[in-house]
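Scope of the values below: all heavy atoms of this structure, side chains included, with no hydrogens, waters or symmetry mates.
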Amino acid sequence: MKKQSNFGLFFFLALFGLSVGIFNNYAEMWLATNGLEASSISNVFSISYIVTVLMFLYFTIRFSKSQLRRGVLISLLMILGVNVTLIFLNGTGQLVAIKFLMFFNLALTDLILSSIYPLMMSIDKSDEAYTKKSVVESLFNNLGFFMASMLIGKTIIGFVFDYNVCLIISTAFATISFILLFFIKVSDEKKESVSFDVNKAISYFNSNKILYFYLFLNMLGSVVWCSILGMPMLTLIERLHFNSNVASFTIFGLGIISNFLAMIVLNYLRFKNEHINLFFKYGIRIILFVLSFLTNNELVFVLTIIYLLLTDCIYEFIFSSFFSNNIDENYIVLFTALKYSSSLIGYSLGTLICGLVFEWSIRFMILPTVILSIVHYILASILVSRKKSFNYGCL
């Protein structure tokens with residue numbers, strides 16, 4: 001029974017990942033074709049991240065795993081309703097309704113993706129399950145992205161495959177994933193207590209203040225990333241005049257390469273000196289940011305984006321794996337929730353900045369990133385030096 005449930009959840013994740021990959025990578029372009037400007041689009045994304053944080057933390061602290069499954073089902077139903085409404089609103093010019101509904105689409109999608117592993121923990125708590133979850137989610141998201149990128153702009157049987165068709169197909173896969181999850185039995189327990197005491201958790205974190213430092217740094221890193229790539233498709237197509245297919249293949253291809261590079265780096269290019277690892281992850285980025293600012297050159301800016309996408313997955317072990325592997329096991333779930341939430345808050349702030357500077361010249365568009373990335377690098381260097389003082393619960 002456990003094997004069947006586990007397989008069912010992976011199958012559900014694959015279908016939902018396809019759904020997300022087919023449309024959500026193009027959500028900003030769907031909004032743009034409906035008349036929204038970059039600043040409005042960034043606001044939709046930014047607000048959705050904040051609401052996701054609030055919902056995710058509430059689910060983590062207050063809900064049992066059986067209740068979490070019902071919450072995911074309800075969220076899926078809401079997404080289906082929102083998507084169907086958006087399909088019919090496409091091209092109508094009802095911008096207020098479109099923004100409002102897209103906001104919920106994005107927030108609920110992130111909430112569901114963040115809830116998958118807690119659901120799996122009811123069946124299998126292991127590193128292997130966590131790794132498989134990450135691989136399945138990434139693989140099928142990229143597969144959906146690839147499928148859509150191959151078809152965007154094509155005419156099939158006299159029918160033009162546009163961004164709204166992506167939304168229709170995405171909704172179909174989301175519907176199938178809902179039906180599948182409805183029949184999966186995750187847990188027999190009707191009433192599960194919260195897995196940790198909130199007061200003890202606060203005390204634990206207060207006695208390990210380096211964790212607050214890490215979470216702040218994690219948030220700042222997300223701000224830096226999204227201040228440039230908060231709306232990647234829109235940036236490549238509208239700002240840098242890429243063809244939509246070229247933009248899709250650029251993001252998709254570099255993402256795949258980044259995954260392979262991460263494995264190579266982990267096995268063959270992992271330096272004992274963490275400051276060297278830090279330089280390859282963030283230091284070279286700063287150099288490229290500064291060059292883009294000084295030259296105000298579009299080609300240098302494109303090369304900067306390429307390097308960002310290539311280094312997305314590499315050297316993640318510098319901080320993430322260290323704290324996740326050394327924190328008290330009673331607070332792993334809470335720490336993971338806080339880490340995910342700090343990233344989302346950073347994405348929200350960064351995407352907001354991206355929208356504000358979107359129409360500026362490259363020099364001033366990248367200026368906030370230059371300043372924030374330097375601050376981030378200094379703090380990251382300090383954390384590299386201090387992290388060894390963290391010892392499974394006491395500094």
Pair N218, S342: side-chain N/O donor-acceptor within cut-off below 3.5 Å = yes

Interatomic distance, [X] atom [atom1] to [Y] atom [atom2] [nearest 0.5 angstrom]:
X    : Y    : atom1 : atom2 : answer
E238 : M231 : CD    : CE    : 10.0 Å
L101 : I87  : CG    : CD1   : 11.5 Å
L234 : L31  : CG    : CG    : 9.0 Å
I152 : S149 : CD1   : OG    : 8.5 Å
I210 : I382 : CD1   : CD1   : 11.0 Å
L291 : I366 : CG    : CD1   : 9.5 Å

Check the pair T311, R285 against side chain to side chain donor-acceptor pair (under 3.5 Å), reporting the backbone distance first and the verdict last.
-> CA-CA 9 Å; T311 56; R285 289 183 181 183; 3.0 Å; yes

Determine the minimum heavy-atom distance between [X] and [Y], stating which atoms define it.
X    : Y    : answer
K154 : M150 : NZ-O, 3.1 Å
F213 : L379 : CZ-O, 3.5 Å
S248 : M233 : OG-CE, 3.5 Å
C166 : F23  : O-CB, 4.0 Å
F301 : S292 : CA-OG, 3.7 Å
H275 : V384 : NE2-CG1, 3.6 Å

Is a side-chain N or O of [X] found less than 3.5 angstrom from the main chain of [Y], in a donor-acceptor match?
X    : Y    : result
T351 : S42  : no
E28  : I41  : no
N43  : S39  : yes
S48  : F45  : yes
D162 : V165 : yes
K99  : V96  : no
N34  : W30  : yes
S385 : S381 : yes
S177 : A174 : yes
S258 : L254 : no

side-chain contact (heavy atoms from CB on, under 4.5 Å) partner of L229, the single match among L236, I251, V224, L308 |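 Of the listed options, the one satisfying the test is L308.
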
Applying side-chain contact (heavy atoms from CB on, under 4.5 Å) between Y49 and each of L352, D110, L106, I345, report the one that passes.
-> D110

Would you say [Y] ends up clustered with [X] if hydrophobic residues are merged whenever their side chains have heavy atoms under 4.5 Å apart, either directly or through other cluster members?
X    : Y    : result
I74  : L9   : yes
I168 : V84  : no
V160 : I22  : no
F242 : I306 : yes
I378 : L288 : yes

Between F16 and F12, what is the ring plane arrangement, given parallel below 30°, perpendicular above 60°, and tilted in between?
-> parallel

Ring geometry between Y212 and F205 (parallel below 30°, tilted from 30 to 60°, perpendicular above 60°) |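 Rings of F205 and Y212: tilted, 30 to 60°.
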
Evaluate the side-chain proximity of [Y] to [X]: yes if any heavy-atom separation is below 4.5 Å, no if none is.
X    : Y    : answer
L13  : F140 : no
F279 : I287 : yes
F104 : I79  : no
F161 : I169 : yes
S222 : S343 : yes
Y307 : T304 : no
L240 : I305 : yes
F178 : L77  : yes

Y26/Y163 aromatic ring centres below 6.0 Å |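 Judged by ring-centre distance (under 6.0 Å), Y26 and Y163 do meet the cut-off.
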
Side chain to side chain contact (heavy atoms under 4.5 Å, CB included) between F358 and T235: does it pass, once the steps are laid out?
-> CA-CA 8 Å; F358 191 82; T235 299; 3.7 Å; yes

Could you walk me through whether L36 and L95 pass side chain to side chain contact (heavy atoms under 4.5 Å, CB included), step by step?
-> CA-CA 7 Å; L36 271 74; L95 299 187; 3.4 Å; yes

May I ask you to check whether over 12 heavy atoms, not counting those of F216, lie within 6.0 Å of atom CZ?
-> no

Does the pair L338 and L211 meet the rule for a side chain to side chain contact (heavy atoms under 4.5 Å, CB included), with working shown?
-> CA-CA 10 Å; L338 291 173; L211 294 173; over 6 Å; no

Show the numbers, then the answer: is there a side chain to side chain contact (heavy atoms under 4.5 Å, CB included) between E359 and E37?
-> CA-CA 10 Å; E359 301 294 340; E37 296 183 353; over 6 Å; no

Ring pair (Phe, Tyr, Trp, His ring centres under 6.0 Å) between Y282 and Y377, intermediate numbers included | CA-CA 7 Å; Y282 300 112; Y377 190 81; 7.3 Å; no

